[in-house]
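Accompanying notes for the structure given below.
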Protein chains: 2
Amino acid sequence: MRFGRRGFCKAWQGQIKDAGYRLTIPRQVILDVLANNTGHLSAEDIYLKVHKIYPQIGLTTIYRTLDLLVSVGVVLKSDFGDGRARFEIKIKDKTHHHHLICTKCSRVIDYTDFIDKELKLLAETKKGLSEKFDFEITGHLIQFYGVCKDCRS
Amino acid sequence: MRFGRRGFCKAWQGQIKDAGYRLTIPRQVILDVLANNTGHLSAEDIYLKVHKIYPQIGLTTIYRTLDLLVSVGVVLKSDFGDGRARFEIKIKDKTHHHHLICTKCSRVIDYTDFIDKELKLLAETKKGLSEKFDFEITGHLIQFYGVCKDCRS
DNA sequence: CTGGAAATGAAAATCATTTTCAATAAGGGG
DNA sequence: CCCCTTATTGAAAATGATTTTCATTTCCAG
């Protein structure tokens, strides 16, 4: 088992243990795969990659572990509208970003441009909405959809 | 069959015919149900309501008709993250709005507050993103998630 | 080392949505 | 106003992602 981003892995493993969960082989391998594939992976993508390293893995464990990692805050789960969830590990220091999604090929681009303005507006809106509607706002979603260069040619 | 919002219905029916589709009974009933229930209905919600008026309806027809209405631009389809799509009819003159979603009870509030600022920012961002990434941007999504008053008490 | 709780994996279940296909209905042309 | 072609419908089966069940295995605290 080759661990990339070893420094981060330690921290992530700590988060799992701190939350009272056991640090099992499947969890380590899944974490390793996520750490070394910064794209937006589906559960099946992750299954296939983990399977190469640890063939006895079950798809069920992938789903269960991803849930766990999301609940612990190590992984971000996104829905790009193509009927399957996508997962990406939260890398410390990586700027908060939003997604630009190609509706033809499902390619996803992380963008951080304009993020400051977006976040400022979101903060204001969040405040206004929670006061007006008496909501405890816990999150937001901003995504842009379109057709990428390749899919137009 | 009782048609509310009759004036609108005519226009909507026109959009269906203009697009080259037949104006069938099931389509009229579904349109009627959507016109008289301005909430955010799931396919099953719509099925149950249509069924009361037109019991021979099939769920398949609900799905197919909703697809059609979305493609013609009469209906807006949304995903609030609870595993089922929601549909609302587009009412002329109704201001563009975004959604505030309770993650406990799935209640959805349409809000128009701050919408102008949001839309202004979205327009700028859209321009910037499409230039930078060579994307033809066709849509966006903004949603806020939280816990409503009732679900907190 | 070892016992008991937590985690795993295979298989079956779920659930929204889609597909298939034979039967039915809309509406333009005669 | 009727007929014919073609779009539309509905029942049932299929799909595909995710979840549940349950017997087995693994972790790790004592």
Side-chain angles (χ1 to χ4, degrees), chain A residues 1 12-33 40-72 74-75 77-87 106, chain B residues 1 12-33 40-72 74-75 77-87 106:
Chain A
M1 225 184 305
W12 289 319
Q13 293 181 3
Q15 284 185 259
I16 292 175
K17 301 211 77 168
D18 290 349
Y21 297 111
R22 292 179 181 174
L23 195 54
T24 64
I25 305 289
R27 286 173 186 170
Q28 286 177 272
V29 180
I30 291 170
L31 207 47
D32 183 44
V33 162
H40 306 88
L41 305 174
S42 67
E44 199 190 346
D45 293 338
I46 296 165
Y47 172 74
L48 292 173
K49 286 179 191 292
V50 171
H51 188 268
K52 283 184 191 160
I53 302 171
Y54 186 77
Q56 62 265 51
I57 194 78
L59 189 49
T60 313
T61 301
I62 300 288
Y63 278 106
R64 272 189 297 227
T65 304
L66 287 169
D67 273 357
L68 186 154
L69 294 174
V70 168
S71 77
V72 166
V74 168
V75 161
K77 180 178 186 176
S78 303
D79 176 2
F80 299 147
D82 64 344
R84 67 188 60 190
R86 304 280 170 170
F87 303 86
S106 292
Chain B
M1 223 184 305
W12 288 321
Q13 292 181 4
Q15 285 184 256
I16 293 174
K17 301 211 77 168
D18 290 350
Y21 297 111
R22 292 179 182 173
L23 196 54
T24 65
I25 305 289
R27 285 172 188 171
Q28 286 176 274
V29 180
I30 292 169
L31 208 46
D32 184 43
V33 162
H40 305 88
L41 305 175
S42 66
E44 199 191 346
D45 293 338
I46 295 166
Y47 171 74
L48 292 172
K49 287 179 190 293
V50 170
H51 188 268
K52 284 185 189 158
I53 302 171
Y54 187 76
Q56 62 265 52
I57 195 76
L59 189 50
T60 313
T61 301
I62 301 287
Y63 279 106
R64 273 189 296 227
T65 303
L66 287 170
D67 273 358
L68 185 155
L69 293 174
V70 168
S71 77
V72 166
V74 167
V75 161
K77 180 178 185 176
S78 303
D79 175 3
F80 299 147
D82 64 344
R84 64 189 61 193
R86 304 279 169 171
F87 302 87
S106 290

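Since the structure is predicted, the reported quantities are computational estimates derived from the model, not experimental observations. Quick note on labels: first sequence line is chain A, next is B, and so on, each numbered from 1.
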### Query
Roughly how far, to the nearest 0.5 Å, is the CG atom of B:Asp79 from the CZ atom of A:Phe80?
12.5 Å

### Query
Hey, what do you get for OG (B:Ser42) to CG (B:Leu48), rounding to the nearest 0.5 Å?
8.0 Å

Separation of [X] atom [atom1] from [N] atom [atom2], in whole Å?
X       : N      : atom1 : atom2 : answer
A:Lys77 : D:dA17 : NZ    : P     : 14 Å
B:Asp67 : C:dT19 : CG    : C1'   : 13 Å
B:Ile62 : C:dC15 : CD1   : P     : 20 Å
B:Gln13 : C:dA26 : CD    : C1'   : 14 Å
A:Ile25 : C:dT8  : CD1   : P     : 10 Å
B:Arg64 : C:dT19 : CZ    : C1'   : 9 Å
A:Ile57 : D:dT25 : CD1   : C1'   : 13 Å
B:Phe80 : C:dA16 : CZ    : P     : 17 Å

May I ask you to say what [X] touches in the nucleic acid, namely base, sugar-phosphate or nothing, with a heavy-atom cut-off under 4.0 Å?
X       : value
B:Tyr47 : nothing
B:Arg22 : base
B:Thr60 : base
B:Arg27 : sugar-phosphate
A:Glu44 : nothing

### Query
According to the salt bridge (charged side-chain N to carboxylate O under 4.0 Å, His left out) rule, which pairs have a member within residues 43-61 of chain A, sequence neighbours left out?
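Passing the test, one end in residues 43-61 of chain A: A:Asp45-A:Arg86.
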
#### Entry: Given D:dT18, C:dT20, C:dT8, the nucleotide with the shortest approach to the side chain of A:Pro26
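From the listed options, C:dT8 comes nearest.
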
### Message
Checking contacts here: which listed nucleotide (C:dG9, D:dG10, C:dT17) is nearest the side-chain heavy atoms of A:Thr61?
### Response
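The listed nucleotide nearest to A:Thr61's side chain is C:dG9.
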
### Message
Do A:Leu69 and A:Ile30 make a side-chain contact, defined as non-hydrogen atoms from C-beta onward lying under 4.5 Å apart?
### Response
yes

### Message
Is there a side-chain contact between B:Asp82 and B:Arg84 in this structure, where contact means two heavy atoms from C-beta onward sitting under 4.5 Å apart?
### Response
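B:Asp82 vs B:Arg84: side chains touch.
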
### Query
Hey, mind stepping through B:Asp67 and B:Tyr63 against side chain to side chain contact (heavy atoms under 4.5 Å, CB included) and telling me if it holds?
CA-CA 6 Å; B:Asp67 273 358; B:Tyr63 279 106; 5.8 Å; no

### Task
Not counting sequence neighbours, which residues clear side chain to side chain contact (heavy atoms under 4.5 Å, CB included) with A:Thr24? List them please.
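Only A:Arg22, A:Pro26, A:Arg27 meet the side chain to side chain contact (heavy atoms under 4.5 Å, CB included) criterion with A:Thr24.
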
### Query
Using the C1' atoms of five pairs at each end, what's the angle between the two axes of the helix from C:dC1-D:dG30 to C:dG30-D:dC1, to 10 degrees?
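Roughly 30° between the end axes, to the nearest 10°.
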
### Summary
Sorted by position of nearest nucleotide on DNA chain C, 5' first, the leading residue of B:Tyr63 and B:Tyr21 is B:Tyr63

### Query
A:Tyr54 or B:Arg84: which one's nearest nucleotide on DNA chain C is closer to the 5' end?
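Mapping each residue to its closest nucleotide by heavy atoms, the 5'-most match is A:Tyr54.
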
### Query
Per the side-chain contact (heavy atoms from CB on, under 4.5 Å) rule, which among B:Leu41, B:Val29, B:Thr65 passes with B:Ile46?
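Passing option: B:Leu41.
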
#### Entry: Any B:Lys17 side-chain N or O less than 4.0 Å from OP1/OP2 of C:dG27
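So the side chain of B:Lys17 is within the cut-off, an N or O lying under 4.0 Å from OP1 or OP2 of C:dG27.
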
